[in-house]
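Okay, structure first, notes after.
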Amino acid sequence: MDSSLLSLVFAASLAGFCALSLAMDRHSEDVYGRGSTPGPWRRWLQLGGAVLLCLSLCASLRAAGSAAGWVLWLGALTAAALSTVGLLSYAPRRFHWIAFAATAVALCSLLMSLLASSSASGTS
């Protein structure tokens with residue numbers, strides 16, 4: 001298994017759950033303060049969270065194949081969901097920075113895996 005794909009699976013899952021949780025009024029208030037709602041960003045956060053979770057699934061299936069990939073993805077979803085709950089409970093003021101960092105790691109891992117696959121197919 002490629003380490004960039006494995007980091008993409010977890011980072012995209014974590015970033016997706018963070019985006020979906022920030023789309024909710026309750027969690028947005030916990031992170032940004034009372035009276036803060038996602039407002040016009042709600043649909044974009046929901047769409048971004050769904051896209052990141054789908055990206056995580058695709059990376060998982062590519063990393064471990066069609067049989068074990070589903071198990072890997074469900075494990076990554078579980079770990080990311082527990083991490084999201086822990087962050088919202090114990091570090092709500094740092095939550096959005098960690099969400100940005102997870103998104104950056106997911107995008108860098110995606111870029112690295114795309115570059116690795118293109119260089120591998122170019123040398124064959």
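Scope of the values below: all heavy atoms of this structure, side chains included, with no hydrogens, waters or symmetry mates. The chain is numbered in sequence order, starting from 1.
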(request) Using only heavy-atom distances, determine whether the side chains of Ser7 and Ser109 contain a donor-acceptor pair under 3.5 Å. (result)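 Yes - a donor-acceptor pair under 3.5 Å links their side chains.
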(request) Output the rest of the hydrophobic cluster of Phe100: all Ile, Leu, Val, Met, Phe, Trp and Tyr residues reachable through side-chain heavy-atom contacts under 4.5 Å, sorted by chain and number. (result)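 Trp97, listed by chain and number.
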(request) Would you mind listing the cluster partners of Leu115? Hydrophobic ones only (ILVMFWY), side-chain contacts under 4.5 Å, chaining allowed. (result)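 Leu115 clusters with Leu111.
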(request) Could you tell me which non-hydrogen atom of Ala63 sits nearest to which non-hydrogen atom of Leu6, and how far apart they are? (result)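 It is CB-CD2, 4.5 Å.
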(message) Give me the atom names and distance for the closest heavy-atom approach of Leu22 to Val31.
(response)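 Minimum heavy-atom contact is CD2-CG2, 3.9 Å.
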(request) Please list, chain by chain and in numerical order, all residues satisfying salt bridge (Lys or Arg N to Asp or Glu O under 4.0 Å) with Arg94, sequence neighbours excluded. (result)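 In terms of salt bridge (Lys or Arg N to Asp or Glu O under 4.0 Å), with neighbours along the sequence ignored, Arg94 is linked to no residue.
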(message) Run the salt bridge (Lys or Arg N to Asp or Glu O under 4.0 Å) test against Arg93 and tell me which residues pass, sequence neighbours left out.
(response)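 Listed in chain order: nothing, the list is empty.
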With rounding to the nearest 0.5 angstrom, report the [atom1] to [atom2] distance, [X] to [Y].
X: Met112; Y: Ser3; atom1: CE; atom2: OG; answer: 6.0 Å
X: Phe10; Y: Leu77; atom1: CZ; atom2: CG; answer: 10.5 Å
X: Met24; Y: Gln46; atom1: CE; atom2: CD; answer: 10.0 Å

Name every donor-acceptor pair, under 3.5 Å, that has one atom in a side chain of residues 52-59 and the other anywhere in the protein, sequence neighbours excluded.
unit_1	atom_1	unit_2	atom_2	d
Ser56	OG	Val9	O	3.0
Ser56	OG	Ser13	OG	2.7
Ser56	OG	Trp73	NE1	3.4

(message) Surrounding CZ of Arg62 (heavy atoms of other residues, nucleotides or ligands, distance under 6.0 Å), is the total greater than 12?
(response)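 No, the 6.0 Å shell around CZ holds no more than 12 heavy atoms from other groups.
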(message) According to side chain to side chain contact (heavy atoms under 4.5 Å, CB included), who are the partners of Thr84, at least two apart in sequence or on a separate chain?
(response)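 In terms of side chain to side chain contact (heavy atoms under 4.5 Å, CB included), with neighbours along the sequence ignored, Thr84 is linked to Leu14, Phe17, Cys18, Ser21, Leu88, Phe95.
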(message) Hydrophobic cluster membership, with links at side-chain heavy-atom distances under 4.5 Å among I/L/V/M/F/W/Y: are Leu20 and Val51 in one?
(response)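 Per the 4.5 Å side-chain linkage, Leu20 and Val51 are not co-clustered.
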(message) With a 4.5 Å cut-off on side-chain heavy-atom distances among I, L, V, M, F, W and Y, is there a chain of contacts connecting Leu8 to Val71?
(response)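 They do not share one cluster, since no chain of ILVMFWY contacts under 4.5 Å joins Leu8 to Val71.
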(message) I'd like to know if the side chain of Ser113 and the backbone of Leu110 have a donor-acceptor N/O pair within less than 3.5 Å.
(response)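 Indeed, once roles are kept as given, a pair shorter than 3.5 Å links the two residues.
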